[in-house]
Amino acid sequence: SSPQARANPIRLPPGISAEVFQTFTQRAAAICGDENVVIISNSDELNHESYLDPSKCHDMYHVLEDDYFISSAVITPRGVPDVQDMMRLCNEFSVPVWPFSIGRNVGYGGAAPRVPGSIGLDLGKHMNKVLDINVDGAFALLEPGITFLDLHEHLVKNNLRDKLWVDVPDLGGGSVIGNTIERGVGYTPYGDHWMMHCGMEVVLPDGSLIRTGMGALPNPKADPSRPPHEQDACETWQLFNYGFGPYNDGIFSQSSLGIVVKMGIWLMANPGGYQSYLITFPKDEDLHQILEVIRPLRVGMVLQNVPTLRHVLLDAAVHGNKKSYTDSTKPLTDVEIDEIAKKIGLGRWNLHGALYGPAPIRDAMWGVVKQSFSSIPGAKFYFPEDMPDNLVLQTRHLTLQGIPSTTELKWVDWLDNGAHLFFSPISKVSGDDGVAQYKMTRTRCEEFGFDFIGTFVVGMREMHHIVCLVFDRKDPDSRRRAHKLIATLIDDGAKNGWGEYRTHLAYMDQIAATYNFNDNAQMKLNEKIKNALDPKGILAPGKNGVWPKTFDAESFKV
Ligand code: ADP
């Protein structure tokens, strides 16, 4: 065994002695190769603090101590058979394992596991191929290591951008598979990534391999002498999501029931024309009317993409840190926020959207959009060329046509040593609901000493209200306040009938407990499925609040 394999980790997996851990890592090295087993044995491993070079073993944006959500070892399988063998090994040793694709899940825990000392299974490092781009069917088949940036560059390199576009989130460095199965969103008409996925290949907790949907139907031309993961798939695998019988894909999203090793995703056909726009609204109180105007336009698909209504401080934070605007360390007052809006030439609320299609279509849509929002006094309309220095508008112009960037990372630097957490409740697209959520979240943010920074992301029928809480990760008091604030907001939200769509590791239990209709009936079902598919409870225990029977959830409370 290598010297590395003999080091002791900062945290052992729960219930595993140092000796057993040695044996386990030696066996893991025999499966994946010595060089692919890295034990997290000293705090040098915790120095990766940048999105561009993210930590693979702990939460860079830690709201608890930086060595709580941490892996004992990070193992990088070289292919599907290594993943399958690792699952068998983890079962044999009862060692919990936390899969991730890239680990840029920032604001939600990064690459870190829910259970301290789990094995981090880094799928993206070696499994990083675009397996197929199909132009006629407008889809891609990907491995976990393909980021939005990789996929976009692949299209560019192969001269396919004139045919196909990717839908990208605000930051383009994450894994397409990781983001999609976490139900992340982007901003083109294909913004609901989960809706646009089609067909998955999944390793189950016992190491067996399945293909979902049409993938369960073998391709008659496939070579049966090849291992299943290498066999040609059914030609409609990426064309029809549902196949036959119960639709299983859902249990592999935000879940601890499988490791996704291949996934299909629909790409958007180049619409043949594009125009992004910004509409600014001067007053804080405009929020109500803006949302009332948005709803029918979005439901009717006149707003073709996933538009975002951003609070001015989100854009301000991309342009400069808090110190660049004020000496105040307190939450900014309305007067101060108005001054900032004036300084950067924006409204209190700013809507970013886009028009898709040839000019006659865009012109017709723009006419309706402009007329509808003109009912709000003081609304102003801009195209990117009208504001060449508006970094956010210039970036959104790229994002909304599927060109990834990392520019919007900048808002995290609003405070020194900036880290962020998201509070992301689902809201009705209605003035009353939006205003009530804004009031509640802003009041609480200020009560805990933070500025409200947020955005409403308008889906097909609802809004993801994303509150971007920036805190100073090197200041224990700032961390404590941030932690308490999110926990308080979750309770506040549930009392109003608002639930979150996704969360950081530290809040999974609390949010899961709010989805408790009919005596926790859904959680009982989730637990039943978990215990049936993963009797030893080794795959991502505690993920999204689902604890296997082999774990004492109480002892992992945070
Ligand atoms: P990002 O795409 O933002 O870099 P990650 O790779 O960190 O995201 O993945 C986010 C979360 O999604 C992980 O913590 C894990 O729970 C889950 N996940 C990511 N990739 C996979 C996968 N291939 N199979 C199963 N779960 C995964």
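Atoms considered below: every heavy atom in the structure, side chains included; atoms not considered: hydrogens, waters and symmetry mates. Counting starts at 1 for both ligands and their atoms, following the listed order. In this text, all values refer to a predicted model and were calculated from it rather than measured experimentally.
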side-chain hydrogen bond (donor to acceptor under 3.5 Å, both in side chains) evaluation trace for Tyr187 with Ser276: CA-CA 11 Å; Tyr187 303 97; Ser276 65; over 6 Å; no
Intermediate values then yes/no, side-chain hydrogen bond (donor to acceptor under 3.5 Å, both in side chains), His193 and Asp167: CA-CA 8 Å; His193 293 164; Asp167 183 282; 2.6 Å; yes
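For residues 535-558, the pairs satisfying ring pair (Phe, Tyr, Trp, His ring centres under 6.0 Å) are Trp547-Phe556, Phe551-Phe556, with sequence neighbours left out. Pairs engaging residues 250-265 under the side chain to side chain donor-acceptor pair (under 3.5 Å) rule: Arg183-Ser253, Arg183-Gln254, Glu201-Lys262, Gln254-Asn544, Ser256-Lys530 [sequence neighbours left out].
Side-chain contact between Phe24 and Cys90 is present, with at least one heavy-atom pair separated by less than 4.5 Å.
Listed by chain and number, residues touching ligand 1 at under 4.0 Å (heavy atoms only) are Trp98, Pro99, Phe100, Ser101, Ile102, Gly103, Arg104, Asn105, Gly110, Leu123, Gly174, Ser175, Ile177, Gly178, Asn179, Ile181, Glu182, Gly258, Ile259, Val260, Lys543.
Listed by chain and number, the residues in a ring pair (Phe, Tyr, Trp, His ring centres under 6.0 Å) with His483 are Tyr507 (sequence neighbours excluded).
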